[in-house]
S.K.: 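Please read through the structure below; I'll follow up with questions.
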Amino acid sequence: MTDFRWDKLATDGMSRRGRLHTAHGPVETPAFMPVGTAATVKAMAPWDVAQTGAQMVLGNTYHLMLRPGAERVAKLGGLHRFMAWDGPILTDSGGFQVMSLAQLRQLDETGVTFKSHIDGSTHALSPERSVEIQDLLDADVTMQLDECPPAGWPHDKVADSMRLSLRWAERCQRAFRERPGYGLFGIVQGGVYDDLRRESARELSAMDLPGYAVGGLAVGEGQAETFRVLEVTCPELPADKPRYLMGVGRPDDIVGAVMRGIDMFDCVLPTRSGRTGQAFTARGPINLKNARHREDTRPLDPNCDCATCTTFSRAYLHHLIRSEEMLGPMLLSRHNVHYYQALMAGLRGAIERGELTEHAQALAEGWHAGDI
Ligand SMILES: CNc1nc2cc(C(N)=O)ccc2[nH]1
Ligand SMILES: [Zn+2]
């Protein structure tokens with residue numbers, strides 16, 4: 001059984017080309033993880049997800065602990081068997097979604113208690129229980145339980161929150177069941193405050209964890225602030241460990257974050273916006289609901305070799321979305337995840353060639369050119 005580790009294969013400025021080794025196989029980085037919230041990447045079968053080139057998917061602890069339940073998933077053989085995904089899986093801790101989805105939640109030193117948004121039942125999530133749930137799910141990467149402070153909190157509140165998350169990181173590390181191929185990631189917090197970000201990154205680095213996430217971002221702070229926080233945080237993290245930016249993002253967010261030292265991403269954008277008719281292309285996003293597509297026989301993106309783009313016209317995709325046919329979200333989700341995976345493959349190659357700056361420039365010119 002392989003040991004959990006990340007190999008750094010090449011660098012270009014602050015960016016890194018690497019390979020993550022997990023119990024369920026390797027992951028080429030920089031990597032984008034499609035979000036499989038309730039044990040499914042919405043509107044995509046696992047073979048569709050694999051065909052996009054995705055190697056690792058994300059599962060949400062909050063949803064799975066409520067339904068079908070962590071013990072039940074374990075009884076059914078774990079998340080890989082349950083959802084027929086035999087590649088690596090990262091699960092989040094549940095903390096972020098409790099604070100954004102649950103009702104009547106109470107957070108204190110012990111953890112967070114809340115009422116399920118599904119049936120109103122009461123649940124408790126401590127650092128130890130979050131680690132146990134992710135173990136029951138058989139996640140290759142377990143995320144520490146943390147608190148994600150809302151944008152706009154003052155320095156003193158963010159400081160208290162960040163230090164609580166540090167104490168929870170220690171508790172998660174003690175509770176984590178070490179086994180080959182599995183790893184626990186810490187999460188750097190600290191809001192938009194440089195001193196707090198440095199304190200969090202340094203304290204977590206001293207814990208010698210197998211990987212580090214940068215949390216507390218993509219909460220409305222804007223791209224410039226996100227990038228500034230990365231410029232402060234990444235240099236404080238170990239150079240030989242993977243860095244995961246949670247919840248990011250649009251294609252241009254991802255390129256900018258890779259250039260600032262990030263290796264892993266997850267975001268609902270390609271699947272969620274695909275379901276509403278938005279498609280990401282080399283010439284920027286387009287919305288298939290727009291009437292201008294109704295007789296357009298061209299493919300969605302002539303530069304894309306996915307099944308959606310090589311089989312169907314924009315007119316047909318427009319029809320499916322306008323008719324609210326199930327096939328619409330299916331085809332657009334597949335294209336968007338394929339587009340994100342092709343974006344990551346292009347970034348990996350550019351870093352290997354030492355041409356990331358030029359590659360990023362060419363991508364931006366395409367996006368700004370706009371659809372024709
Ligand atoms: C979509 N934005 C986003 N920001 C996040 C922050 C966290 C976090 N744990 O700070 C987790 C998930 C997140 N998703
Ligand atoms: Zn396509």
Side-chain angles (χ1 to χ4, degrees), residues 33 35 37 48 51-53 58-63 90-101 107 112 125 127 130 142-151 153 158 161-162 164-166 168-169 172 185-192 196-197 200 204 212-223 225-226 229 233 244-250 253-254 257 264-274 278-283 285-286 288 298-314 317 330-343:
M33 299 178 283
V35 175
T37 295
D48 296 326
Q51 199 174 62
T52 69
L58 181 141
N60 287 125
T61 288
Y62 172 75
H63 290 80
L90 178 148
T91 50
D92 66 8
S93 70
F96 181 80
Q97 291 196 311
V98 164
M99 300 317 279
S100 51
L101 291 173
L107 186 143
V112 57
L125 202 52
S130 176
T142 292
M143 297 308 295
Q144 74 153 93
L145 184 67
D146 64 332
E147 182 182 29
C148 174
W153 267 17
V158 173
S161 171
M162 178 272 287
L164 173 66
S165 291
L166 282 177
W168 284 0
C172 288
F185 279 21
I187 303 177
V188 178
Q189 291 293 352
V192 293
L196 300 182
R197 284 283 174 183
S200 179
L204 287 170
Y212 293 89
V214 182
L217 294 174
V219 290
E221 73 281 355
Q223 187 183 79
E225 274 294 81
T226 304
V229 168
T233 306
Y244 159 34
L245 179 52
M246 306 182 85
V248 172
R250 292 193 319 267
D253 298 329
I254 288 175
M264 296 164 66
F265 299 88
D266 87 274
C267 189
V268 295
L269 198 57
T271 38
R272 180 178 294 173
S273 65
Q278 180 170 64
F280 292 91
T281 77
R283 297 179 69 94
I286 61 176
L288 272 301
R298 295 176 302 162
L300 184 53
D301 184 343
N303 301 301
C304 183
D305 61 354
C306 86
T308 299
C309 293
T310 53
T311 311
F312 302 105
S313 69
R314 290 178 178 209
L317 296 170
M330 291 165 67
L331 294 177
L332 285 180
S333 296
R334 285 177 64 166
H335 162 77
N336 283 347
V337 175
H338 180 100
Y339 178 81
Y340 268 63
Q341 295 306 327
L343 176 73

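As the structure is a prediction and not an experimental result, all values here were calculated from the model. Both counts, for ligands and for their atoms, begin at 1 and track the order of listing.
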S.K.: For ligand 1, which atoms sit closer than 4.0 Å to a heavy atom of Gly247?
M.R.: 1 (C), 2 (N), 3 (C), 14 (N)
S.K.: Which atoms from ligand 1 have a heavy atom of Gln189 less than 4.0 Å away?
M.R.: 8 (C), 9 (N), 10 (O)
S.K.: Numbering the atoms of ligand 1 from 1, which are under 4.0 Å from a heavy atom of Gly216?
M.R.: 6 (C), 8 (C), 10 (O)
S.K.: Looking at side-chain heavy atoms only, is the closest gap between Thr52 and Asn336 below 4.5 Å?
M.R.: no
S.K.: Can you tell which of Asp146, Asp92, Val35, Leu145 gets a heavy atom nearest to atom 8 (C) of ligand 1?
M.R.: Asp146
S.K.: Can you tell me how far apart NE2 (His338) and CG (Asp48) are? Round to the nearest 0.5 Å.
M.R.: 12.5 Å
S.K.: So which of the N, O or S atoms of His335 lies nearest the Zn ion (ligand 2)?
M.R.: ND1
S.K.: Compute the angle centred on the Zn ion (ligand 2) spanning SG of Cys304 and SG of Cys306, and express it rounded to 10 degrees.
M.R.: 110°
S.K.: Between Arg272 and Gln278, does any side-chain donor sit less than 3.5 Å from a side-chain acceptor?
M.R.: no
S.K.: Over 60° means perpendicular and under 30° means parallel, so classify the ring planes of Phe280 and Tyr340, tilted if in between.
M.R.: perpendicular
S.K.: Please could you name the atoms of ligand 1 that Gly215 approaches to less than 4.0 Å, counting only its heavy atoms?
M.R.: 8 (C), 10 (O)
S.K.: Using a 3.5 Å cut-off on N or O atoms only, is Leu217 in polar contact with ligand 1?
M.R.: yes
S.K.: May I ask you to check whether Cys148 has an N/O atom sitting below 3.5 Å from an N/O atom of ligand 1?
M.R.: no
